[in-house]
Amino acid sequence: MNLMEHQGKALFRDAGIPVPRSGHATTPDDVGSFIETNPGDWVVKAQVLMGGRGKAGKIKSAQGAAEGRAVAREIMATPMPPNRQNPQGEKINSVLVEERLAIAKEAYCAITVDRAARKPVFIVSRFGGMDIEEVAEQHPESLAKYYVDTAIGYSPFIGRELAFAAQLDPGYRRAFPAIAGALYDLFFRYGAKLVEINPLALTHDGRVIASDAKVELDDDALYRNPGVAEWRTTLPLDEDELLAEGAGVGIRNFRRFPGNVGTMANGAGLAMATMDAVSNAGGRIANFLDVGGGANAQRVRNCYELVVNNTGATVFFINIFGGITRGDEVARGIVEAMAQTASRKIPLVIRLTGTNEEEGRRILAQAGMTPVETMDDGARKAVELAS
Amino acid sequence: MNLMEHQGKALFRDAGIPVPRSGHATTPDDVGSFIETNPGDWVVKAQVLMGGRGKAGKIKSAQGAAEGRAVAREIMATPMPPNRQNPQGEKINSVLVEERLAIAKEAYCAITVDRAARKPVFIVSRFGGMDIEEVAEQHPESLAKYYVDTAIGYSPFIGRELAFAAQLDPGYRRAFPAIAGALYDLFFRYGAKLVEINPLALTHDGRVIASDAKVELDDDALYRNPGVAEWRTTLPLDEDELLAEGAGVGIRNFRRFPGNVGTMANGAGLAMATMDAVSNAGGRIANFLDVGGGANAQRVRNCYELVVNNTGATVFFINIFGGITRGDEVARGIVEAMAQTASRKIPLVIRLTGTNEEEGRRILAQAGMTPVETMDDGARKAVELAS
Amino acid sequence: MSIFLDKNSKVIVQGITGAEGSYHADRMHRYGTNLVGGVTPGKGGQTTAQGLPVFDTVKEAVEATGATHSCIFVPPPFAADALYEAYEAGITLAICITEGIPVHDTLKVVGTTRGMRIIGPNCPGLISPGKALVGIMPGHIFKEGGVGVLSRSGTLTYEVVDLLTRAGLGQSTCVGVGGDPIIGTTFVECLREFKNDPQTEALVVCGEIGGSDEEEAAAFIGAHLPEMPVVAFVGGRNAPPGKSLGHAGAIISGSFGTPQSKIKAFEAAGVPVAGRPSEIPAFLAREISRGKRAPQPASF
Amino acid sequence: MSIFLDKNSKVIVQGITGAEGSYHADRMHRYGTNLVGGVTPGKGGQTTAQGLPVFDTVKEAVEATGATHSCIFVPPPFAADALYEAYEAGITLAICITEGIPVHDTLKVVGTTRGMRIIGPNCPGLISPGKALVGIMPGHIFKEGGVGVLSRSGTLTYEVVDLLTRAGLGQSTCVGVGGDPIIGTTFVECLREFKNDPQTEALVVCGEIGGSDEEEAAAFIGAHLPEMPVVAFVGGRNAPPGKSLGHAGAIISGSFGTPQSKIKAFEAAGVPVAGRPSEIPAFLAREISRGKRAPQPASF
C-alpha cells in the first residue's frame, strides 16, 4: 500500500528522520486556524497518492491564515487531473500545512528491493526534487547505488560511501549517514517496498530535512504494524481494487480493460495466459481475473457478477486447470452460481481440464453447458460470441 | 558491570519478559508502606551483587506491613557474609518487595558469549533455582545449548528447540520462545556478557515468570545506554576497583594480593609476567598493576601511591618495556613522581628496556636510581629487598 | 538423473499435521516421494495416517531420518522461522510453498542461509516425474522424460506440462520457482543444474512479465547451452504497466520486465518464443529434431 | 615467506589523519611496510607527510591502490563500522588495533565478514621482520629469521621477541592476536598458516590465562605439527579466579582457562612450557637442536 506524504512523514519523524514542522488539515478552515495559532511562512500541499502535484498547482505557499484558507480552498476544489496510471484523477481530501524551507540544495535518497540482486538497494543522487527516472536519463552518472548485505544490515560507512559517490554537497555529509540509517531501519521495520526522500533538502541554515516522503508498504507485512495497517481504510484504493475487495478476491487479482471478452482463470499465470489467448484469437479483453484456489459456488458467482456488472464483457470465458482444484467441484460451483445469480446473463465459454475433468464435464453437460477442449478453442469461441 | 536483581528485572520488564510485581525499597519503613498500599503475599529480597542470598537468610516472605517491616529490618541489619570472591561481604542498601509466586516448576535460561565458538550461546536446563555449575555437575544431560548465528539472530525455532532439548515442562512451551527472544534482544541491546533467569518459574496458574534476574554488562558498551550506565554510580565497585578508579587507571588494571612485593608494568601481559617473575623468585606479590601506555609523571606517581598506600608492599618493582612508550619519558616520569610524592618512600627496583633505553637509564642514574638489566634480575632484587 | 530431487531424496514436511501439510504429504507419499517424516512442534512422537513419524523440531527429524529436503507448509508469519530452522538443522533443499510471506523476510532468509537451496516461496514445488514430487503439483499430468521445465506460476505450468505430456514429451524435472519478487532459486540457477543433468535433453522456460529472470535466463542459455533445444513462453503480454496482476512478482516498472524485453532477449539467444502454450510442444519437437541451435551473434 | 604479511602486501590505514593513525602510519612507512594510502572521511584528496594519498572511503582507496590489508585506528564506537567498510571494499586482512570495542560489535563483525581475516581487536598488530610491520609494535627489536611468534598481549610479546633477538633467534612473523574475549584470528588459525610457511622453522606461543585458545593450540600442535620445535609460555599463573586482570580476555571461569589446564595441554602435546620469558630462547634452542618432537600418546 502507498502512503500519503503526511503518513510517510509521520513514520519518518518516529524513525528520527528530520521533517519540516507541519499540521494535517481536512478543511480550508482547519488550515486557517492552524496558521493563526502558528504564524509564519507555510506551504499547503494536497495529500494524494498521485505524483505531479506541483505541476497541477496543488502545492501553494501561504503567509497568513486568510491566504492559507484561500489556497487550501483552491487546492481542494478540484481533484488531481487524470494521468495514464490514474485515468480518474484523485479527489483531494486533506492538505499538509508545512514549514516553508529555505532550500539551498535538493538531493535524492531512496531504498527499494532489488529483485535481481535479491538485496535492498540504496539509490542516491545529488539531483533531487525531480522524477528519479528523469535523473536516470539526464544524469545517469549522478546515481550512486549500494546493495546492502542483509546479514550485516546498515552501517554508517554505507551513508558515507553514498554521499561521496553521489557527490552530495558537503553540507549533507555530517547528517546523511544517520538519515540513511534511519531510513533503512524504517524500510525493514515497516516492510517497505520503497522509501523515498525526494527532495532531501539542505537548507540555507545547514539543516538536512526530508522535504517529501514517499513510502510504499508490502501488503503482506502490514499485519506486523497494525497501527499503520489501519491507515489502509483512509487511503483511496483504485476502483478495480475496490471492486476486487468487494467481490472477495485479492485486490491484485482483478483488473479491467476496455474490451468485451470477460475472463476468469485459476492462478495468475493461467489468467494472464488466458488474456493472451483471447488477444491471440483477435479478441479484446474486458478484464484480468484470478479466481484463486477454492472455486466454490459463492466464489464463482462473485466473480461472474464482478465481471458482468463492471466491465464491457458480452461473453465470459472461464478457464480452469484442475490441479489441486478439483474439476467436479468447480463444475458444481459454476452450475450453482449461474442458478443463483440475479445479474444479467451473458454467454459462458468454459474450459475445464485436469483433475476429475470427466466428472466435471458431465456435471456441466447435465446443466446444458458444453465445455470446450482447450484454452485456444475457448478463446476462439469466446471471441466469436463476443463480436 | 553487574546489575542488581531489581535493575535486571527493570530491563526484563522493558524487554517484555514477564517478572513478578514488585517494589524497590531502601528502608524497612518503605517496605511497610508498600505492603500497606499493596496487601498480599510478598517476599523481601536483599539487593546485593553477591550470590547465596537464600542460604544467608537474606530472602524472607512477609504477609502484612508489620511483618514486612520486621523482615526488612532483619535482612538489612547485617551485611552479606563474606565468601571467597568477596572477602569483605556486601552491605545491603535496599530490598526488593516482590509478589510471592506459587511456583510449580523452576527452569534455567541464560545467554552468554562463547569465546571458542565466537557466538552468543543459550544455556537452558529444566533444573532451575540452583547454581548452574551444580546442575552441570549433577545433571549434565539436562543442559541444552544453542549457538546463535549472529547473521540471522534469534528466530523462534531456537526457543522451541531449546525447550524440547532441555525437556522443559510442557507448561513452558508456549511462552518460552518469546521469552528467549526478548532475552536475546536485551543481550544485544545492552551489550550483556551474561543474562540469566534462574529460576524461570512456571506457576501453578500457568504463568512463566522470571523469578530472578542476573545481568552482567560489558563496560565497553555502557556508553550506548546512558540511562543504564548511570546505575554504575549506585553499584558498589569492589574496593580494588574503587582504588583503581581513584588512581585513574582502568578498574580492571589493579588488584591486590596479600604479599609484600609491589609491582607495576606497562601492558597487562607484561604485568602478569612480572607477577609470575616475582613468584618464581620466591617472593609474594602485593598487587597486579598495569600502568598502561602513557607513563608520565602524574600517572607513575598515582600508581606508586596507589600501591604504597593500599598494599603491604615493602618494595616497588617497576617493569617497563619501551615499545611505543619511550624509555626516556618513563624515566623522567619516575624521577618526577618520586620527587613529588608525599607518601612514604619504599625502595624502588626499576627495569627499563626497549625504545630509548640508554637515555632512560642515564636519566635514572642522574637521579641516583640504578636500573636492573632484566625482568628476572629485577624480580630477584625486589624479593631480596622485600624480605 | 534429474535435478534437485530424485527417488532417493529424503523429504520431510514442515507443518505436516496442518490441513494443507497433511493433505499434500499424503499426495506426495502416494506419488512415491521418499517422504521420511514431518515436523509439528508439540506433536513429536505421533505418527501420520501414512505411518510417518512426526517430530517436534527439524533438528530431531534430520537426526532421526537423515532428511535433506524439506517442504514447508506453514502460514506466512512463521515461514521465515521455518526456513531458518531447516537451514540450521542442515536441510540442503527447502521447498517453500507458502504464499504471502513479507518480502523482507524472504530478503533476509535468502541473504543469510548460504549453502541451503530454497525453491520458492509462493511456488507449486518441484517434481522429477516418475521419481518424486515435493509440493502441490498434480502428479498425474506429468510423465518421465527428457524435458526440463521452468516456470514462475502454478496452473500455467500444469497447462504447459499437460500439453507436453499429451504430445509424448516427458519431463526430467519441473521447477516452479515461485511468483514472489524475491525467490530463493532463479531460472539461471536452475539452468546451471539442467546443464549438467544427462537426463535433460530439452528445456521449456515459462516466464512472465516483471523482473529480469527471463532476460538473465536467455543470456545464460545463449552463452552456456548452445546445443540444448529450448522453447520459451512469456505470460502476461497484455498486462498494463505499473500494476501487479495477481503474482506479487508480475509488475512492470519502466522498460524493465516488459514482455517485449523478454521476448527480444530469448530471440537474441536463438530461443523461439511460443505465442501461446499450445504451440510449445510443436516448437520444442522442431527444436529437438533440428539439433544444435544456430550460433549466436557475437554482439549479444 | 612469512604469514599474513610480506613486503608486497599493500596496506592502508583507516583513520590515517588521527593522532594515533598518523604517528603509526609514519612508523610503519619508515619500517618499510608497503603503505599505499589511508582513509579519513572528508579528507579525501589530501596527502600525508609521507606523501601517501588520503581517501574518503576504503572503497576508493582499494580501487585506487589495490590495497589488500588495512590497519584500523579508529575509536571503539566506530571500529565495527570501519571493519564492515573494509570487508565490503574487498580488504582481505584487517588489523584492528582499537581497544575497548563492545564485545557484541566484535561478535557480529566476526560472524558476518566471512572471507576477510581480522587480526585483533585490541592487539599490537602483525610484523614479518625485515619485510613489513602493520600495527604498533616497536620494529627495532625484531629480526628476520625462522621463529613464528604468537601472543595475546603487546609488551609481553616485545619482552619475548627481544630475548629471542638477543639470543640470535630471528622471527618469520609475529602475530599479536589480541586481548579481547572475541578475536578475529585465533592461535589455531595462525598455526594453520605457520604450518605451510617454509620460512617458519620453530614457534613460540605466548598464552595467558582465560579462554581456551592455548588448549586448542596445544591440541593442534600435537596433531598437525609433530616435527616443529615449539615452546609455550602462559602468563598470569598467579592471577586469582573470577577477576579479569587488565585484558578483558584474561579471566578464569570455572576450571576452564586456568594456567594449570593450559600448561597440561601443552605438555600433553609435547610442548615445553617456559616458567619465565627468559627461559624461552634456551628452551627453543634445545627443541631446535633436538629435531623432531617425541610422538604423542594416543590418548591425547
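Below, read A as the first sequence line, B as the second, and so on, with proteins coming before strands; counting in each chain starts at 1.
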Within residues 79-88 of chain C, the residues sitting under 4.5 Å from chain A by heavy atom, in sequence order, are none
Hits for side-chain contact (heavy atoms from CB on, under 4.5 Å) against A:Glu134, two or more places apart or cross-chain, chain-then-number order -> A:Met130, A:Asp131, A:Gln138
Given a strict heavy-atom distance threshold of 4.5 Å, which part of A:Asp114 is in contact with chain C: side chain, backbone, both, or neither? backbone
Segment of A:Asn280 engaging chain C (4.5 angstrom heavy-atom cut-off): both
Side chain, backbone, both or neither: which part of C:Asp105 has a heavy atom under 4.5 Å from chain A? side chain
Parallel, tilted or perpendicular: which fits the ring planes of C:Phe142 and C:Tyr158, with parallel below 30° and perpendicular above 60°? perpendicular
Are C:His104 and A:Phe187 an aromatic pair by the rule of ring centers under 6.0 Å? yes
Output all residues satisfying side chain to side chain donor-acceptor pair (under 3.5 Å) with A:Thr353, sequence neighbours left out; order by chain, then residue number. A:Glu357
Heavy-atom donor-acceptor pair, A:Arg118 side chain to C:Gly184 backbone, under 3.5 Å: yes
Rounded to the nearest 0.5 Å, how far apart are CE of A:Met264 and CG of A:Asn253? 12.0 Å
Taking side chain to side chain donor-acceptor pair (under 3.5 Å) as the definition, give me every residue that meets it alongside C:Thr112, ordered by chain and number, with sequence neighbours left out. none
Counting only heavy atoms closer than 4.5 Å, note whether C:Ile183 contacts chain A via side chain, backbone, both or neither. backbone
Counting only non-hydrogen atoms closer than 4.5 Å, does C:Pro124 touch chain A with its backbone (N, CA, C, O), its side chain (CB onward), both, or neither? neither
Tell me which of these, A:Ala192, A:Ala273, A:Ala265, A:Gly354, has more heavy-atom pairs under 4.5 Å with chain C than the rest. A:Ala192
With a 4.5 angstrom heavy-atom cut-off, is it the side chain or the backbone of C:Val103 that approaches chain A, or both, or neither? both
